[in-house]
Protein chains: 2
Amino acid sequence: MTYCLSIRVDQGLVFASDSRTNAGVDQVSTFSKMHTFEIPGERAVCLLTAGNLATTQAVVRQIRRDNEAGTGRCMNTVADMAEAAEYVGELSRAEQRKHASRQREKFNPEASFIVGGQIAGRPHQIYLVYPEGNYIAASVQTPYLQTGELKYGKPILDRVVSEGLSLDVGARAALVSMDSTMRSNATVGPPIELLLYTADSLRFGKRLVLQEDNAYLRELRTAWQEGLKQAFTNLPSLPLSRPAVKLVGPRGDS
Amino acid sequence: MTYCLSIRVDQGLVFASDSRTNAGVDQVSTFSKMHTFEIPGERAVCLLTAGNLATTQAVVRQIRRDNEAGTGRCMNTVADMAEAAEYVGELSRAEQRKHASRQREKFNPEASFIVGGQIAGRPHQIYLVYPEGNYIAASVQTPYLQTGELKYGKPILDRVVSEGLSLDVGARAALVSMDSTMRSNATVGPPIELLLYTADSLRFGKRLVLQEDNAYLRELRTAWQEGLKQAFTNLPSLPLSRPAVKLVGPRGDS
């Protein structure tokens, strides 16, 4: 399993991914799921991958090959992030088709991707590319995209993330969402990779690679746990004596 | 879909359930999934139901019939909560077997249950009964049980719930977990039913039925959202300039 997410705020983009891959519980490995393609000052594109590792590695290899060939459509020539998503979707479908005839009962070559970044003169944006090759963009209402094991980490994003958030707070939201997911699903695992993109910079900054025992991650967990406890302490008490709440007897009769 | 959960703390038990049932997106109804069986001063048992509504209703009817018949094993005679779980599992399997021969592709008669409470002289406890009829108890490490759409609401329980929690704070944790789930999955819906059991009381208190626009639920949501924002504000900033964190370039080279 995998958990990848990306958040789009006015200030830029946050990309985060776990690094665990597994084919059965006794075949667990560590692979980076975060890949970047950039021409500093002209374009910066980040690709997060989920699903069949052979498919996602083949797609990444093909993108690098196309860039090196320098002819036809490639990540260095796509005009905007929508075209980048279209391109990734086509490569993914082509790769999956190669294995369609070899399908066995438990074999699944499907993969999904988050592709985001910015190309000079265009807005920064993120897209989710489905296994079928179609894709959706983040919106004002939902300025984040997830793929893989997304449920555990979603409520915190729903409650906190909006486009006006600073890039730094967005990154902390991504880390809390990722850490909650790792804690709940053993097949989502460290290190967490985190990459920030500042709007209109057209180049990526440093990438953070946080191992499970990383000092900052431990600080973050402790502070978050304390913050949640504080938030619970401040919640209003149950209205057991308030008349405004409908109360019924144990059998449902009022 | 459904979301039911129960929390066991030293002070007692919390039971919470949503009330939405659906057979396809255009066939949505409201049914209570919380059923209580009690002989005040002797036993108090609460049953939360998830899965096929025909199966769960049949199980509840059979429990009431067995209690009225007053012969053989019934909820009024089980010696402890483990036997109550065994009994519910047997009724559920018997009901599912009735429909086994009628199976069509999309038909699924499976159901799961949370059964909890206390019988005089025994500890208060909660059990999760699987569709196969087997069951597990809550533990010191994991003092809560969930069934149905459980992922969205799990991280908050993992971070906050322990056996030393007060019953009131446990109830607030259950409501936040339930509200987060309703927000993320449209097939989990109001009203939320909430029932508290105080250890050794051997009787249930009043049951809260909270509609979506309930004043307390709105207060709770606002306070929770504010508390989370505060928790985020207090998180340590990203260690982009700290030497202790491993930093690598965008291509993975250090």
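Quick note on labels: first sequence line is chain A, next is B, and so on, each numbered from 1.
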**Q** Under 4.5 Å from any heavy atom of chain A, what part of B:Ala173 do you find: side chain, backbone, both or neither?
**A** both

**Q** Where on B:Leu217 is there a heavy atom nearer than 4.5 Å to chain A: the side chain, the backbone, both, or neither?
**A** neither

**Q** With chain A, which of B:Asp158, B:Asn185, B:Leu194 has the greatest number of heavy-atom pairs at distances under 4.5 Å?
**A** B:Asp158

**Q** Let me know if B:Thr181 has heavy atoms under 4.5 Å from chain A in its side chain, its backbone, both or neither.
**A** neither

**Q** Which atom pair, heavy atoms only, marks the closest approach of A:Arg172 to B:Pro236?
**A** CD-O, 3.6 Å

**Q** Output the residues of residues 140-152 of chain A for which the shortest heavy-atom distance to chain B is under 4.5 Å, in residue-number order; output 'none' if no such residue exists.
**A** A:Glu149, A:Lys151, A:Tyr152

**Q** Please tell me if the side chains of B:Ile156 and A:Pro155 come closer than 4.5 Å, counting only heavy atoms from C-beta onward.
**A** no

**Q** Over all heavy atoms of both residues, which pair between A:Leu220 and B:Leu235 is shortest? Give the atoms and the distance, please.
**A** O-CD2, 3.7 Å

**Q** Could you tell me if the side chain of A:Leu196 sits less than 4.5 Å from the side chain of B:Leu238, heavy atoms only?
**A** yes

**Q** So what's closer than 4.5 Å to chain A heavy atoms on B:Ser180: side chain, backbone, both or neither?
**A** both

**Q** Give every donor-acceptor pair under 3.5 Å between a side-chain atom in residues 222-231 of chain B and any protein atom, sequence neighbours left out.
**A**
| residue | atom | partner | partner atom | Å |
| --- | --- | --- | --- | --- |
| B:Thr222 | OG1 | B:Arg218 | O | 2.9 |
| B:Gln225 | NE2 | A:Arg159 | O | 2.9 |

**Q** Could you work out, with salt bridge (charged side-chain N to carboxylate O under 4.0 Å, His left out) as the rule, every residue matching A:Arg221, not counting sequence neighbours?
**A** A:Asp179

**Q** Applying salt bridge (charged side-chain N to carboxylate O under 4.0 Å, His left out), can you list everything that pairs with A:Asp10, at least two apart in sequence or on another chain?
**A** none

